[in-house]
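Here is the structure we will look at.
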Amino acid sequence: MEALQRPAVLILGAGAVGLSLAGRLRGAATVYAACRPAHADAILERGLIMEGIWGTGTVDGITPVTGPKEVPPGVDFVIITAKGTDSRAICEEYAGLLRDRPVASLQNGIGNEDIIARYTDIVIGGTVTTNFSVVGPGHVRVSSESAPMRFGVWSGDGGAAAALDGLIGVIRSAGIPVEADDDIRSGKWTKALLNIAVNPICALLAAPVGAAADENVRETVSGLIRETFAVAGAEGVRLPWATADDYLAHLFGVQVPDFAAVYPSMYYDLRRGRRTEIDLLNGYVARLGERHGIETPHNRCIAGLVRYAEAHPQTP
């Protein structure tokens, strides 16, 4: 009887983040994970292997799924961890299960929640700064955790607050540090600032993050951020820094040095011929700027260059 009372969670797009979350949540919930066949086969054969700060060992009882027909109707929460470029497709595929259920996004970029809101009334935005990686099929590692997960109501009716409390309760019961965020829009934009500033430029230059501080690049980075602050202000988003210059001081003084040797994920996307998340970063800023009558030439230019690079992959 106790098992029947456990909340049921469906994780869509379970790669490094989603599988790690599935493994941890298994102690507090019934977990279904929509993942790639290689992961699904490995999990069915011998369970999910986890290592790192969230525990080391094999987690049994996770149910991998390959389509909506394999998910029972009694799911309580849906968490989307898919890459932002897949948001629309995965929402369309699982539309029947999303309807009338609280759906949370733990995805990079800004704009995923707007897509999800077309499929359900209650949308919960989330941020995570934990370091997840895939070691192999059905095998994940959680290396570090720099801050708690944060979730907040993005859109929804009177039941949204209760849904948020319920989701946070399940995650906290699993031993994952998590906090409610009264202004999750600010949280999503704040996390996206670094990606907007350095990811596309470093991807196009095939250079690590440290290149953003080069005197030949710095002015372009500054332009991207100043435009982003103007658009965020028009959207009513309150960022932790009062001005773009305040954030730029933090970017060049703290963030770029901290990640100087790291190549952004967008660099690897272009190298592997994959779609990038440019339209959830600089492209998103440019679209909103047009809506508000704000010029965004730096973001528009960078987004166009990345789209060109996506369409014309270079042979290694």
- prompt: Considering all heavy atoms of both residues, which atom of Ser155 and which atom of Ala117 are nearest to each other, and what is their separation?
  reply: OG-CB, 4.1 Å

message: For Asn216, I'd like to know if atom CG has over 12 heavy atoms of other residues, nucleotides or ligands within 6.0 Å.
response: yes

- prompt: Among Ile79, Leu12, Leu98, which residue meets the side-chain contact (heavy atoms from CB on, under 4.5 Å) test with Val103?
  reply: Leu98

- prompt: Just by modelled atom types, is the Arg101 backbone N or O under 3.5 Å from a matching donor or acceptor in the Thr120 side chain?
  reply: yes

- prompt: Applying the 4.5 Å side-chain criterion to the ILVMFWY set and letting contacts propagate, would Val306 and Val221 be lumped into a single cluster?
  reply: yes

message: Please check: side-chain N/O of Glu179 versus main-chain N/O of Phe151, any donor-acceptor pairing under 3.5 Å?
response: no

- prompt: In terms of hydrophobic clusters joined by side-chain contacts under 4.5 Å, are Leu280 and Val237 together?
  reply: no

task: Calculate, to the nearest 0.5 Å, the distance between atoms CG and OG1 belonging to Asp246 and Thr243 respectively.
output: 3.0 Å

- prompt: Taking all atoms of both residues into account, what is the closest heavy-atom pair of Pro240 and Thr190, and its distance?
  reply: CD-OG1, 3.1 Å

message: In this structure, would Ile116 and Val17 fall into the same cluster of hydrophobic residues linked by side-chain contacts under 4.5 Å?
response: no

- prompt: Got a sec, which residues hit salt bridge (charged side-chain N to carboxylate O under 4.0 Å, His left out) with Arg141, two or more places apart in sequence or on another chain?
  reply: Glu51

- request: Determine yes or no for a side-chain-to-main-chain donor-acceptor pair under 3.5 angstrom, with Glu145 supplying the side chain and Asn131 the backbone.
  value: no

field: Asp121 side chain vs Gly156 backbone, donor-acceptor pair below 3.5 Å
entry: no

message: Can you tell me if Phe252 has over 12 outside heavy atoms packed within less than 6.0 Å of its CZ?
response: yes

message: Between Leu21 and Met149, does the side chain to side chain contact (heavy atoms under 4.5 Å, CB included) criterion hold? Intermediate values first, please.
response: CA-CA 11 Å; Leu21 187 59; Met149 282 186 187; 3.8 Å; yes

query: For Arg275, does the CZ atom sit with more than 12 other heavy atoms under 6.0 Å from it, leaving out its own atoms?
result: no

Derivation of the side chain to side chain contact (heavy atoms under 4.5 Å, CB included) call for Val78 and Tyr94: CA-CA 10 Å; Val78 179; Tyr94 286 85; over 6 Å; no

- prompt: Side chains of Tyr284 and Asn112: do they bring a donor and an acceptor to under 3.5 Å?
  reply: no

message: Please determine whether residues Tyr32 and Val59 belong to a single hydrophobic cluster, defined as Ile, Leu, Val, Met, Phe, Trp and Tyr linked transitively by side-chain heavy-atom distances below 4.5 Å.
response: no

- request: Say whether, by atom type as modelled, one donor and one acceptor occur between the side chain of Arg36 and the main chain of Thr66 under 3.5 angstrom.
  value: no

Table please: side-chain donor-acceptor pairs of residues 160-177 below 3.5 Å, with sequence neighbours left out.
{"residue": "Arg172", "atom": "NH2", "partner": "Val178", "partner atom": "O", "Å": "2.9"}
{"residue": "Ser173", "atom": "OG", "partner": "Gly169", "partner atom": "O", "Å": "2.8"}

task: Return the orientation label for the Tyr267 and Tyr263 ring planes: parallel under 30°, perpendicular over 60°, tilted otherwise.
output: tilted

message: Once rounded to the nearest 0.5 Å, what's the spacing between atom CZ of Arg287 and atom CG of Asp279?
response: 5.5 Å

query: Are any of the side-chain heavy atoms of Arg238 and Arg185 separated by less than 4.5 Å?
result: no

message: Tell me which one of Glu219, Arg226, Glu227 satisfies side chain to side chain donor-acceptor pair (under 3.5 Å) with His298.
response: Glu227

- request: Determine whether Leu44 and Val134 fall in the same hydrophobic cluster, where Ile, Leu, Val, Met, Phe, Trp and Tyr are linked whenever their side-chain heavy atoms lie under 4.5 Å apart.
  value: no

- prompt: Within the side chain of Ser105, is there an N or O that forms a donor-acceptor pair under 3.5 Å with the backbone of Ile80?
  reply: no

- request: Could you please spell out the steps behind the side chain to side chain contact (heavy atoms under 4.5 Å, CB included) verdict for Asp181 and Ile184?
  value: CA-CA 5 Å; Asp181 191 331; Ile184 195 62; 3.9 Å; yes

task: Examine distances only and state if a side-chain atom of Lys191 and a backbone atom of Thr127 form a donor-acceptor pair shorter than 3.5 Å.
output: no

- prompt: side chain to side chain contact (heavy atoms under 4.5 Å, CB included) between Ile302 and Leu224: does it pass, once the steps are laid out?
  reply: CA-CA 9 Å; Ile302 289 295; Leu224 293 171; 3.9 Å; yes

field: Atom of Leu281, atom of Ala192 and distance for their closest heavy-atom approach
entry: CD2-CB, 4.2 Å

- request: Report the distance from atom CZ of Phe229 to atom CG of Leu248, rounding to the nearest 0.5 Å.
  value: 7.5 Å

message: For Ala232 versus Leu239, what's the shortest heavy-atom pair and its separation?
response: CB-CD1, 4.0 Å

- prompt: Are Ile122 and Asp157 side-chain neighbours, meaning at least one heavy-atom pair lies under 4.5 Å?
  reply: yes

- request: Could you verify whether a donor N or O on one side chain and an acceptor N or O on the other, from Thr276 and Asp269, lie under 3.5 Å apart?
  value: no

Per-pair distances, 0.1 Å, donor-acceptor, side chain in residues 195-213, under 3.5 Å, sequence neighbours excluded:
{"residue": "Asn195", "atom": "OD1", "partner": "Asn199", "partner atom": "ND2", "Å": "3.4"}

- prompt: In Å, rounded to the nearest 0.5 Å, how long is the span from CD1 of Ile115 to OG of Ser87?
  reply: 5.0 Å

Gln107 and Thr81 side chains, donor-acceptor separation under 3.5 Å: no

message: Has Thr296 got a side-chain atom pairing as donor or acceptor with Asn299's backbone, closer than 3.5 angstrom?
response: no

query: So does Glu290 have more than 12 non-hydrogen atoms from other groups sitting under 6.0 Å from CD?
result: no

Pairwise side-chain contact, Val31 with Thr63, heavy-atom cut-off 4.5 Å (strictly under): no

- line: For Ile90 and Ala82 the tightest heavy-atom approach is CD1-CB, 4.3 Å

message: Counting C-beta onward and ignoring hydrogens, is there a side-chain heavy-atom pair between Trp241 and Asp245 closer than 4.5 Å?
response: no

- prompt: So, His39 side chain and Cys35 main chain: donor-acceptor pair closer than 3.5 Å or not?
  reply: no

message: Contact between Thr228 and Val231 at the side-chain level, heavy atoms closer than 4.5 Å - yes or no?
response: no

- line: Between Ala8 and Gly74 the two heavy atoms that sit nearest each other are CB-O, 3.8 Å

query: Can you tell me if Trp189 and Glu235 form a side-chain donor-acceptor pair at under 3.5 Å?
result: no

- prompt: Is a donor on one side and an acceptor on the other found under 3.5 Å between the side chain of Arg24 and the backbone of Trp54?
  reply: yes

field: NZ/NE/NH1/NH2 to OD/OE distance under 4.0 Å, Arg274 and Glu310
entry: no

field: Reported CD1-to-CG distance for the pair Ile11 and Leu25, which is rounded to 0.5 angstrom
entry: 5.5 Å

- request: Check whether any side-chain heavy atom of Val9 sits under 4.5 Å from a side-chain heavy atom of Thr30, and report yes or no.
  value: no

- prompt: So, Glu92 versus Tyr119: side-chain donor-acceptor pair below 3.5 Å or not?
  reply: yes

Separation of Ser265 OG from Asn108 CG (nearest 0.5 Å): 6.5 Å

